[in-house]
Amino acid sequence: MEMITSASQMQSTCKQLTRSGKTIGFVPTMGYLHEGHLALMTKARKENDIVVISVFVNPLQFGPHEDLDQYPRDVEQDMELAKQVGVDYFFYPTVDEMYPKALTTKLTAITRVNALCGKKREGHFDGVVIVLMKLFNIVFPDRVYMGLKDAQQVAVVQGLVDDYQLPTRIIPIATVREGDGLAKSSRNVYLTDEERKLAPILYESLKKAERLIHLGERSADQVVACVKDELIKTNAVIDYVDIYAYPTFERIEKLAGQLVLAVAVKFSQARLIDNVIIKVDEV
Ligand code: AMP
């Protein structure tokens, strides 16, 4: 595995690989890798000649009062893990390397963001699409592997690819969980012991509501209330619980079609998100 910190070197390497007919699978991350990230890389390894990952904590996607400075980092361990799953190139640019001067143009996520994290974290998805547009133009990926733990991000980025005919395919990967159901996340390290014990309730509450839907509940309000009733048992602050059509993120009152039921909860030092995607038969 080779580490590359220069954007132009990464770009010329990938251009050469593409010209020589190699397929490139790409996994963009913010580092502090865990088994969720590694599942994306393992899938990329199976489906492509070359696997490139990036580790970059993108300041553009953090709000002024968010955890940019506290975001956990451990590049040595990340390199070790990436090597173990067969990554070929580890792209690790600095902020100055990615943003050497102020941008003169800007991308804005328009639809799919008036909900959930898009609504709560203003400008977050603009930062995501800007950094990914740059990374895609550096790496020339045939396939990009993204986790459904961030289902709204997958929907927004699929929109970007469709809107601008980007020559890449987004491959969504199911959420990897701890044994007790908690979605793996770099931010889990910031849970206190007590919070860690309570955290599986996010997924349990989503699964309970999913069962309710499968038993015939079709009211969005009732489903949301079911999740909230469970979450109230923790000391965490509910940031949102909501259900939308997926991947359009249109509001839906009477449940039908493909839906995303999502939750965000603030613990003392960490904000956790989780979701389930549910298919409801039209009747
Ligand atoms: P991050 O480093 O948090 O930006 O995540 C990088 C990629 O890994 C994103 O596509 C995430 O959706 C994905 N990811 C993070 N956690 C998980 C997980 N538990 N299961 C599957 N994918 C994940």
Side-chain angles (χ1 to χ4, degrees), residues 25-45 51-63 66-68 70-75 77-79 81-82 85 87 90-93 95 98 112 116-118 121 124-136 139 141 143-161 168-191 196 199-200 202-203 206 246-247 260 262-265 270-277:
F26 178 44
V27 183
T29 81
M30 299 202 298
Y32 212 72
L33 303 181
H34 52 67
E35 284 168 52
H37 299 113
L38 300 181
L40 274 54
M41 294 172 202
T42 303
K43 184 88 159 116
R45 180 68 286 164
V51 177
V52 179
I53 75 159
S54 59
V55 170
F56 180 61
V57 182
N58 174 35
L60 258 53
Q61 69 193 68
F62 286 79
E66 292 183 359
D67 59 349
L68 173 62
Q70 285 83 42
Y71 199 83
R73 293 163 166 91
D74 187 345
V75 72
Q77 182 178 292
D78 288 350
M79 284 183 66
L81 291 169
V85 291
V87 168
F90 187 107
F91 182 43
Y92 184 57
V95 173
M98 287 298 279
R112 307 187 175 186
L116 309 181
C117 289
R121 303 181 67 188
H124 167 69
F125 284 113
D126 294 350
V128 169
V129 292
I130 289 168
V131 79
L132 287 179
M133 188 64 130
K134 283 180 76 88
L135 287 168
F136 292 175
V139 175
R143 300 180 188 84
V144 178
Y145 295 81
M146 305 192 76
L148 281 168
K149 176 176 161 273
D150 302 286
Q152 191 171 19
Q153 176 168 268
V154 172
V156 169
V157 176
Q158 184 62 61
L160 174 76
V161 167
T168 193
R169 270 182 61 200
I170 302 299
I171 314 287
I173 304 288
T175 302
V176 177
R177 300 178 179 281
E178 304 286 355
D180 59 11
L182 174 64
K184 296 208 182 231
S185 165
S186 306
R187 290 181 167 105
N188 289 350
V189 290
Y190 290 129
L191 296 173
R196 175 62 190 82
L202 268 76
Y203 188 50
L206 293 172
Y246 190 81
V260 60
V263 47
V265 160
R271 178 179 177 277
L272 301 187
I273 59 170
D274 203 349
N275 70 77
V276 286
I277 292 177

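Counting convention: from 1, in listed order, for ligands and their atoms alike. Positions are given from 1 along the sequence. Reckoned from all heavy atoms, side chains included, excluding hydrogens, waters and symmetry mates.
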Under a 3.5 Å distance rule, please check whether D78 uses its side chain to pair with a backbone N or O of L33 as donor and acceptor.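 Answer holds: yes.
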
Just need the protein heavy atom nearest to [atom], so name the residue and atom and give the distance.
| atom | result |
| --- | --- |
| atom 20 (N) of ligand 1 | V176 N, 2.8 Å |
| atom 12 (O) of ligand 1 | D150 OD2, 2.6 Å |
| atom 4 (O) of ligand 1 | M30 CG, 3.6 Å |

Which segment of [X] sits under 4.0 Å of ligand 1 when only heavy atoms are counted:
| X | result |
| --- | --- |
| A39 | neither |
| P28 | backbone |
| L148 | neither |

If you take the nearest heavy atom of each of H37, E178, M146, which one is closest to atom 5 (O) of ligand 1?
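The option holding the nearest heavy atom is H37.
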
Looking at G36, S54, G147, the heavy atom closest to atom 13 (C) of ligand 1 belongs to G147

So CD of Q153 and CD of Q61: to nearest 0.5 Å the spacing works out to 7.0 Å

Practice task
With the side chain counted from C-beta on, respond yes when Q158 and P247 share a heavy-atom pair under 4.5 Å apart, and no when they do not.
Solution key: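 No - every pair of side-chain heavy atoms lies 4.5 Å or more apart.
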
Has H34 got any heavy atom lying under 4.0 angstrom from an atom of ligand 1? yes

Margin query: Surrounding CZ of R73 (heavy atoms of other residues, nucleotides or ligands, distance under 6.0 Å), is the total greater than 12?
Written below: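 Above 12, so yes.
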
